Protein chains: 2
Amino acid sequence: MGVITKVRQSTAAPVEGLPVDRILMDDCIAAMRALPAASVDMIFADPPYNLQLGGDLYRPEGGRVDAVDNDWDKFDTFAAYDRFTRAWLAEARRVLKPDGSLWVIGSYHNIFRVGTALQDGGFWILNDIVWRKANPMPNFKGTRFTNAHETLIWAANGENARYTFNYRAMKTLNDELQMRSDWVLPICGGQERLKRGGTKAHPTQKPEALLYRILLACTKPGDIVLDPFFGTGTTGAVARRLGRHFIGIEREPAYVEVAEQRIADALPLDESALATMQAPRAAPRVPFGTLVETGMITPGTVLTDIKRRWRATVRADGSLLSGDATGSIHKVGAVVQGAPSCNGWTFWHHEQDGTLKPVDSLRQTYLLATQP
Amino acid sequence: MGVITKVRQSTAAPVEGLPVDRILMDDCIAAMRALPAASVDMIFADPPYNLQLGGDLYRPEGGRVDAVDNDWDKFDTFAAYDRFTRAWLAEARRVLKPDGSLWVIGSYHNIFRVGTALQDGGFWILNDIVWRKANPMPNFKGTRFTNAHETLIWAANGENARYTFNYRAMKTLNDELQMRSDWVLPICGGQERLKRGGTKAHPTQKPEALLYRILLACTKPGDIVLDPFFGTGTTGAVARRLGRHFIGIEREPAYVEVAEQRIADALPLDESALATMQAPRAAPRVPFGTLVETGMITPGTVLTDIKRRWRATVRADGSLLSGDATGSIHKVGAVVQGAPSCNGWTFWHHEQDGTLKPVDSLRQTYLLATQP
DNA sequence: GAATGTGGTGAATCTCCCG
DNA sequence: TCGGGAGATTCACCACATT
């Protein structure tokens, strides 16, 4: 599997005097101003999200959520955030080569403002990419949908730029299917999460797998990647492992110190390490409710067990009603039988062509219709 | 299991003279202007994604502009789109009830402009939702990532609005896990795709499953949903099925004709099928003292937490005593743990048949015995 | 040693009603 | 409008301890 091709090297000679493979401890706008125009091949930016959090948030079991409360994430107004965004984007565009591209990551707090600003500034959006987190923090209070993703924008330096996109590499990475605009990756934790004195070194460290995919997709070996919000240096570490150069800009000395050490420790990846950075194939999970939503089974339908001893009615939200019992297909199946648990998929049946069929057959039909 | 409660209906009486369950064949801004303020419970909007808005505001998209003039031209075009967006959003906000909410769907071409405009206009973003298409069109040229999703924004009418969110219904729909911000749903095709003379009746018809989830999540039965870009009426068809009212606005007579027929064919669900899992909050409140009064628990009974780390004694008035702490089951639970708050119903247990059971089980028993 | 259980944690705009 | 009190609320993964 996987076609091995010769890797194209970066063609143009690097600009003289660039602070390559170094971290500049400075404000990002000032530092970019000091760089020559059209000198880097890609920019990855993880700017402040302007989260606008309220007071403390507590978990159901009592613990307090360790939120992002750093000063660098505080802006007085949207207008102030926009000024900041437009300023760094303008410098970024100047520093980027004509055929380079820009990546920015954000959440709904800031990404719409960033997207608008970069369109206004002349960048040309190529894709928006959704990082679907495999293990996001739940919504503890049950007030909204679990915020389970972040958004990345990939943009070229103008509409007609000839940007780099390693189509084959992405297709190979994705089991010979085209890489889609939604990426399922775990959040950064475990051994990968950098600590200082037992606590996390940076509140928003990004997983290396994310940068791995971005650099592999949009740069060539030897290319120079600029990260104006370097933090603890995920971009630098991945760039080194993939044989790319980096320029990091970071204001906080504490972050710079951690990043220096980390990049020094980063070793070029071998084959097996690369494999672990791939996302595991997401097991297709189909909730019963999806069958209701897609019209495969209608609210009001009566389900029975195979011997028609018990009956239950499907409701609009995919719950069942049987006597006084309500809940999921599994829960109601368990209750009517007086059993501790029950697999509702095989227990409940619906009538189809005069015969009883388990609702699991509907799930199989759905999977066949929607899987590539 | 599960408390059966009557489905909460929309509370406020609908505004007099509203064109409810009708399609207004008109420009959306003009039609909204004719509606009274604060009159609809939800708005779902599927505005044009590209810049071909028609009218004299917008230049035709046809010819490519030379790169030198590109910036200015793009600015001009984006500015025109922004004016249009801000205009319809302003009317939408006026027409929306204070506790109503807004949904907008878009792609990377327009969604950043829409998001910025609605934040500037005073809407408060609650979630951005990713509709992850189960079967998207591939990227034939292999020049970018397969564009496999669209983005929706869900926003309240201001930061402190008390919007509707049927948390329990969503959790049930998703097999007893919190509904996340990434939704996997098939695109609209097959039987559902409306045709006129063999070709698709509308280029961007949305799947009913998408609207089904949105209406189930954010409206109550009897609520009024406004769709200012009605198209072939997906919103209206789903609203009718789910026992919600709609107001559609659509300029194109051909779409209106298709929509009318489609909605007439949509079968409303009966009331029992419409029921969804209700939050405990919707159940009648039972003070702990009631259980003491009715003899379900005796003064002097000792309660403990599940691990028997803390003990408390029930007093005649339904308060607890633990060491020096006295007060409600919640307050004493919080005090002994040193936590900011505590749900005493699930924290405190009593011994029954040799095992510890949460006092909440007594409340459930009481509710079952006293509910009609 | 393997299986199981316990505790900690992650970019979070995180309650509602009543007086 | 503000303050106080009732009471509702979590998923996946990892490290580490226990069986």
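Here the structure is a predicted model, which is why all the values come from computation and not from measurement. In the text below, chain A, chain B and the rest are named by the order of the sequence lines, each starting its count at 1.
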- Task: Return no unless some side-chain N or O of B:His330 is found under 4.0 Å from OP1 or OP2 of D:dG7.
- Result: yes
- Query: Taking the C1' atom of each, how far is C:dC16 from D:dT1, in whole Å?
  - Reply: 15 Å
- Query: A:Lys206 has a side chain; which of C:dA11, C:dT15, C:dG7 sits nearest to it?
  - Reply: C:dA11
- Which part of the nucleic acid, if any, lies within contact of B:Pro287, taking any heavy atom under 4.0 Å across all strands shown: a base, the sugar-phosphate backbone alone, or nothing? nothing
- Below 4.0 Å: OP1/OP2 of C:dT13 and any side-chain N or O of A:Asn147: yes
- Only residue of A:Arg262, A:Gln205, A:Glu208 satisfying side chain to side chain donor-acceptor pair (under 3.5 Å) with A:Thr234 is A:Arg262
- Message: Using ring pair (Phe, Tyr, Trp, His ring centres under 6.0 Å), reason through A:Phe84 and A:Phe75 one step at a time and then give a plain yes or no.
- Response: CA-CA 9 Å; A:Phe84 164 74; A:Phe75 295 83; 5.3 Å; yes
- Query: Want to settle it: does B:Ser328 or A:Met137 sit nearer the 5' end of DNA chain D, counting the closest nucleotide to each?
  - Reply: B:Ser328
- Message: For the P atoms, the ones on C:dA11 and on D:dA6, what distance do you get once it is rounded to whole angstrom?
- Response: 35 Å
- Winner on side-chain proximity to B:Pro280, out of C:dA11, C:dC14, D:dA8, is D:dA8
- Message: Under a 3.5 Å cutoff, is there a donor and acceptor pairing between the side chains of B:His349 and B:Thr304?
- Response: no
- Query: Expressed in whole Å, how much space separates the P atoms belonging to C:dC14 and D:dA12?
  - Reply: 23 Å
- OP1 or OP2 of C:dG10 under 4.0 Å from side-chain N/O of A:Arg193: no
- Task: Determine the contact category for B:Arg285: base if any of its heavy atoms lies under 4.0 Å from a base atom, sugar-phosphate if only primed atoms, P, OP1 or OP2 are that close, otherwise nothing.
- Result: sugar-phosphate
- Taking the P atom of each, how far is D:dT9 from C:dT9, in whole Å? 25 Å
- Between A:Arg113 and B:Gln119, does any side-chain donor sit less than 3.5 Å from a side-chain acceptor? yes
- Query: Can you list every pair that meets salt bridge (Lys or Arg N to Asp or Glu O under 4.0 Å) and has a residue in residues 65-79 of chain A, with sequence neighbours left out?
  - Reply: A:Asp66-A:Lys200
- Task: Please confirm whether A:Arg363 makes a cation-pi placement over A:Trp345, using NZ or CZ under 6.0 Å from the six-membered ring centre and within 45° of the ring normal.
- Result: yes
- Nearest heavy-atom neighbours spanning A:Ile125 and A:Leu118: CG1-CD1, 3.8 Å
- Counting heavy atoms from C-beta on, name the nucleotide in D:dT10, C:dA11, D:dA6 closest to the side chain of B:Gln178. D:dT10
- Looking at the angle O4'-C1'-N9-C4 for a purine or O4'-C1'-N1-C2 for a pyrimidine, is C:dT13 syn or anti, with syn meaning within 90° of 0? syn
- If you check the A:Trp72 side chain, which of C:dT13, C:dA11, D:dA6 turns out closest? C:dA11
- OP1 or OP2 of D:dA15 under 4.0 Å from side-chain N/O of A:Gln191: yes
- Message: Once hydrogens and angles are ignored, does a donor-acceptor distance under 3.5 Å link the base of C:dT13 to the side chain of A:Arg144?
- Response: yes
- Hey, does A:Pro47 reach any base, or is it just sugar-phosphate, or nothing, if we go heavy atoms under 4.0 Å? base
- Query: Under 4.0 angstrom, heavy atoms only, what part of the nucleic acid is B:Leu177 near: base, sugar-phosphate, or nothing?
  - Reply: sugar-phosphate
- Touch class at under 4.0 angstrom, heavy-atom based, for A:Gly55 against every strand present: base
- Return the nearest nucleotide to the side chain of A:Gln52; candidates are D:dT10, C:dT13, C:dA11. C:dT13
- Task: For A:Phe140 and C:dC14, say yes or no: do the ring centres fall under 5.5 Å of each other while the ring planes differ by less than 30°?
- Result: no
- Query: Do the side-chain N or O atoms of B:Tyr167 get closer than 4.0 angstrom to the phosphate oxygens (OP1, OP2) of D:dT10?
  - Reply: yes
- Which of the following nucleotides, D:dA6, C:dA11, C:dC17, is nearest to the side chain of A:Lys133? C:dA11
- Task: Report yes or no: is the cationic atom of A:Arg132 (NZ for Lys, CZ for Arg) closer than 6.0 Å to the six-membered ring centre of A:Trp183, at no more than 45° off its axis?
- Result: no
- Message: So that I can compare with my own list, what are the stems of DNA chain D, taken as at least three consecutive Watson-Crick or G-U pairs with distances under 3.5 Å?
- Response: C:2-10 with D:11-19, C:15-19 with D:2-6
- Base, sugar-phosphate alone, or nothing: which one does A:Asp73 contact when heavy atoms must sit under 4.0 Å apart? base
- Message: Need to verify one output field. Residue with the more 5' nearest nucleotide on DNA chain C, A:His109 or A:Gly189?
- Response: A:Gly189
- Message: When you measure from the side-chain N and O atoms of A:Arg59 to the phosphate of C:dG7, is any distance below 4.0 Å, counting only OP1 and OP2?
- Response: no
- Message: Using the side-chain heavy atoms of A:Lys141, tell me which of these nucleotides is nearest: D:dA8, C:dG10, D:dA12.
- Response: D:dA8
- Item | P-based separation of C:dT13 from D:dG5 [nearest Å] | 29 Å
- Nearest to the side chain of A:Asn139 - C:dC14, D:dT10, D:dA12? C:dC14
- Classify the nucleic acid contact of A:Asp46 as base, sugar-phosphate or nothing, counting any heavy atom under 4.0 Å across all strands shown. base
- Item | Selected nucleotide, minimal atom distance to A:Tyr108 side chain, candidates C:dG10, C:dT13, D:dA8 | C:dT13
- Between A:His330 and A:Ser328, do the side chains contain an N or O donor and an N or O acceptor separated by less than 3.5 Å? no
- Would you indicate what A:Ala134 reaches in the nucleic acid, counting non-hydrogen atoms under 4.0 angstrom: base, sugar-phosphate, or nothing? sugar-phosphate
- To the side chain of B:Ser341, which of D:dG7, D:dA12, C:dA11 is closest? D:dG7
- Is the distance from OP1 or OP2 of D:dA8 to the nearest side-chain N or O of B:Lys171 less than 4.0 Å? no
- Under 4.0 Å: is that the gap between some side-chain N or O of A:Ser107 and OP1 or OP2 of C:dA11? no
- Base, sugar-phosphate alone, or nothing: which one does B:Arg168 contact when heavy atoms must sit under 4.0 Å apart? nothing
- Check whether any side-chain N or O of A:Lys200 sits under 4.0 Å from OP1 or OP2 of C:dG10, and answer yes or no. yes
- Query: Between A:Tyr108 and B:Asn127, do the side chains contain an N or O donor and an N or O acceptor separated by less than 3.5 Å?
  - Reply: no
- Item | Greater than 12 external heavy atoms within 6.0 Å of A:Arg251's CZ | no
